[in-house]
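Numbered from 1 within each chain, the chains take letters A, B, ... in sequence-line order.
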There are 2 protein chains.
Amino acid sequence: MKRPTIADIADRAGVSRSAVSFALNDQPGVSEETRQRVLAVAAELGWRPHSAARALRGGRAGAIGLALQRPARLLGAEPFTMELISGLESELSARSCGLNLQVVEDTEAEIATYRRWWAEHRVDGVIVLNLRDADPRVGVLEDLHLPAVVIGGPAGTGSLPSIWSQDAAGMTDVVEYLAALGHRRLAHVAGDPDMRHIVDRTTALHEVCRLRGLPEPVTVRADYSDEDSAQATRRLLASPDRPTAIIYHTDLTAVTGLEVALEMGLSVPDELSLVAFNDSRLCRLVNPKLTALAHDIPGRGAQAARMLFAAIDGGPGADSQPAEPYRLLPRGSTGKYRTR
Amino acid sequence: MKRPTIADIADRAGVSRSAVSFALNDQPGVSEETRQRVLAVAAELGWRPHSAARALRGGRAGAIGLALQRPARLLGAEPFTMELISGLESELSARSCGLNLQVVEDTEAEIATYRRWWAEHRVDGVIVLNLRDADPRVGVLEDLHLPAVVIGGPAGTGSLPSIWSQDAAGMTDVVEYLAALGHRRLAHVAGDPDMRHIVDRTTALHEVCRLRGLPEPVTVRADYSDEDSAQATRRLLASPDRPTAIIYHTDLTAVTGLEVALEMGLSVPDELSLVAFNDSRLCRLVNPKLTALAHDIPGRGAQAARMLFAAIDGGPGADSQPAEPYRLLPRGSTGKYRTR
DNA sequence: GTCGGCGATGGTGGGGCGCTTCACGGCCGT
DNA sequence: ACGGCCGTGAAGCGCCCCACCATCGCCGAC
């Protein structure tokens, strides 16, 4: 089976290749009658533009890139990524734009991927995840003039448009909620403290605690692995003045934390309250169900895609904007602290 | 910043564009000295081949396609996909080949995507997931001569190479294990009964039960949604002669089932044993941990990628082959049946 | 009333995007 | 003189679009 080209259509329709091109691209220069004839022939032959030829001609690559920076063993556990992708897709498919995925080991590899994508004309723009402090990716993308939308920020994104979750506000909500339940000794299990959103949340946490006159909250670091996040919770709970509420920065670590707490014989929420950032089905699968901060991740993906298109087109609409705020969903894992 | 082209290198190195091309592609026709000079200049300019130009010239698109057929709201919950992708990537990046992702609503849309990818020269081959009975995708891909590797089978893949999990063997292991624990009334919660692997497992289940003299196992259908799989388990457990062991075809439905069972006041595993196909972190997050059939999904992804490359190159190594068999991992959710 | 000029309309030809590759042509050594 | 070895020129992949051209209707000048 041979893919039809514009020349095939031209032959069949009895016109020149230019005329076909004009007709197919809604360009002036052909009569309405010819245009219809050409379109009919094209449909009949099942013609579709050769993406490489289009791209070569100086047009778009017709795809955007998403580099996922995570160790292979953790991919999959986190629902976030797939939800984001599904949101991106909803916009991409409407513009019949492809999505190029690449799993990378670290920031250096991610940057190399951007350079390669740029040099090979593989993508028209990229979505950047997990912004860090002084993130080197920003400068590289600016230098390359590769359109990009950062999910995270708004600080530290340079000239790149970003869509930022309102992390400080989310954290504030949580603390107010926990304080209202009578909690005073708070802790949180944080991932990489370089991450912009972790920084924002941590700052807010300390700030609100100070304002409310609560003791200084405790921070424990943990990567996203099973063992590490379990260990983090275990350390917190083994402490003599253990916290009465723990905030987790991902659903995954929270669920792990819950298991550890139950294992250690603590009653949740009577003796310990748990809250997770990033609601997902995971939070509803465990018992008690986890109180979580939810936000519409597919929606954010779609918004990011729209912004990226705007940035690629160079038109308006590519300004940084906040994402919809977090919604606090109280569930069974939080309650008043009661000694038994 | 302008992307350098072969002409730029030719100018700088003082040779013709052809010579540059030969040098860069390890083609004979240039002296070793010239080759080195050209390579040096290319490296200096940071040259990379323009993927579109290569593809247009009749070469490869330099990417493979993966169409994910699932409703947006379920994407993300299943760890399977991302693990598979990470496995694919490990091979792809070694051959600096891209991965094109597309989320589609149904089989029809998936087929349309294949046709589009083919017509637009976007991918060199595709990975096909979730083979069904009389799957229409197979014929389409054969007609298009689009290289493809099916994950699933081995029956019903036509001329397409496949990599098939040994579902019947896995199911047999489970039943033997449960029978050894004294279980007699078995049930399973199955997804779409069209799916090839579900069919294979179901057939094996009935077969082994027959051989062992166990009563006919009960089948309950459930899609992958929260509510549906919960409802399925609830129905099973409400029955007067309820099963003493339930087998789930995904980790996700199993976890949901466990929650339902505990909610209904059943003790697991004393009154009910649960087994999940597809081990994942989910299975270890719940309490009791779920007995599961594990297999190396990233490994399978890598294997699929290698086979696809073989199919694309038209060389050997593109024959169907079994995946590594399932490993049964007994955990807390299975045990002898004890009435209390 | 006729005719030349002119703009609008509908269509063709061809170049070029960056890369590969085939046909050829100097220039050695034997 | 002839066969390797190096290297060049040019064509062409499919598409887009600029430069052109033919035709025709219109209008004002004669």
Exercise. Could you state the CG-P distance from D8(A) to dG14(D), rounded to the nearest angstrom?
Worked result: 8 Å

For this session: Please evaluate the base of dG7(D) for a donor-acceptor partner in the side chain of S16(B) within a cut-off of under 3.5 Å?
Result: no

Exercise. Does one side chain, of S21(A) or S18(A), offer a donor that lies under 3.5 Å from an acceptor on the other?
Worked result: no

For this session: Kindly say if T5(A) contacts the phosphate of dC13(D), meaning a side-chain N or O under 4.0 Å from OP1 or OP2.
Result: no

Problem set entry | Minimal non-hydrogen separation, A55(A) against A52(B), with atom names | CB-CB, 3.6 Å

Seminar exercise, completed: Whole-Å distance, R17(A) CZ to dG12(D) P, equals 11 Å

Problem set entry | Separation of dG11(C) C1' from I9(A) CD1 (nearest whole Å) | 17 Å

For this session: Take atom CD of E32(B) and atom C1' of dG7(D), then tell me their distance rounded to the nearest Å.
Result: 15 Å

Exercise. In terms of heavy-atom contacts, does CZ of R132(A) have more than 12 from other residues, nucleotides or ligands at under 6.0 Å?
Worked result: yes

For this session: Just call it for P49(B): base, sugar-phosphate, or nothing, with non-hydrogen atoms closer than 4.0 Å on any strand.
Result: sugar-phosphate

Exercise. For H121(B) and V15(B), take the nucleotide of DNA chain D holding the closest heavy atom to each; which residue's nucleotide lies nearer the 5' end?
Worked result: V15(B)

Problem set entry | Nucleotide nearest R54(B) (side chain, heavy atoms from C-beta), chosen from dT20(C), dG15(C), dG13(C) | dT20(C)

Problem set entry | Rounded distance (Å) that lies between atom C1' of dC22(C) and atom CZ of F22(B) | 8 Å

Exercise. Is there a donor N/O on one and an acceptor N/O on the other, under 3.5 Å, for the side chain of R57(A) and the base of dC16(D)?
Worked result: yes

Exercise. More than 12 non-hydrogen atoms from neighbouring residues, nucleotides or ligands closer than 6.0 Å to CD on E142(A), yes or no?
Worked result: yes

For this session: Send over the distance from N25(A) CG to dC18(D) P, rounded to a whole Å.
Result: 12 Å

Exercise. R60(B) CZ to dT20(C) P: how many Å, rounded?
Worked result: 14 Å

Problem set entry | Closest to the H50(B) side chain, choosing from dT8(D), dG18(C), dC15(D) | dG18(C)

Exercise. Given dC17(D), dC6(D), dC19(C), which nucleotide is nearest the side-chain atoms of S21(A)?
Worked result: dC17(D)

For this session: Look at the side chain of S31(B) and decide which nucleotide, out of dC15(D), dT12(C), dC6(D), has an atom nearest to it.
Result: dC6(D)

For this session: Search all heavy atoms of V30(A) against all heavy atoms of A19(A) and return the closest pair with its distance.
Result: CG1-O, 3.6 Å

For this session: Counting heavy atoms from C-beta on, name the nucleotide in dC13(D), dC15(D), dC19(C) closest to the side chain of I6(B).
Result: dC19(C)

For this session: Give the nucleotide from the list dC22(C), dT12(C), dG10(C) with an atom nearest to the side chain of S18(A).
Result: dT12(C)

Exercise. Any luck finding a side-chain donor-acceptor pair between Q321(B) and Q303(B) under 3.5 Å?
Worked result: yes

Exercise. How many Å lie between CG on D26(B) and P on dT20(C), as a whole number?
Worked result: 12 Å

For this session: Check whether any side-chain N or O of T34(A) sits under 4.0 Å from OP1 or OP2 of dG11(C), and answer yes or no.
Result: yes

Problem set entry | Given dC13(D), dC15(D), dC19(C), the nucleotide with the shortest approach to the side chain of W47(B) | dC19(C)

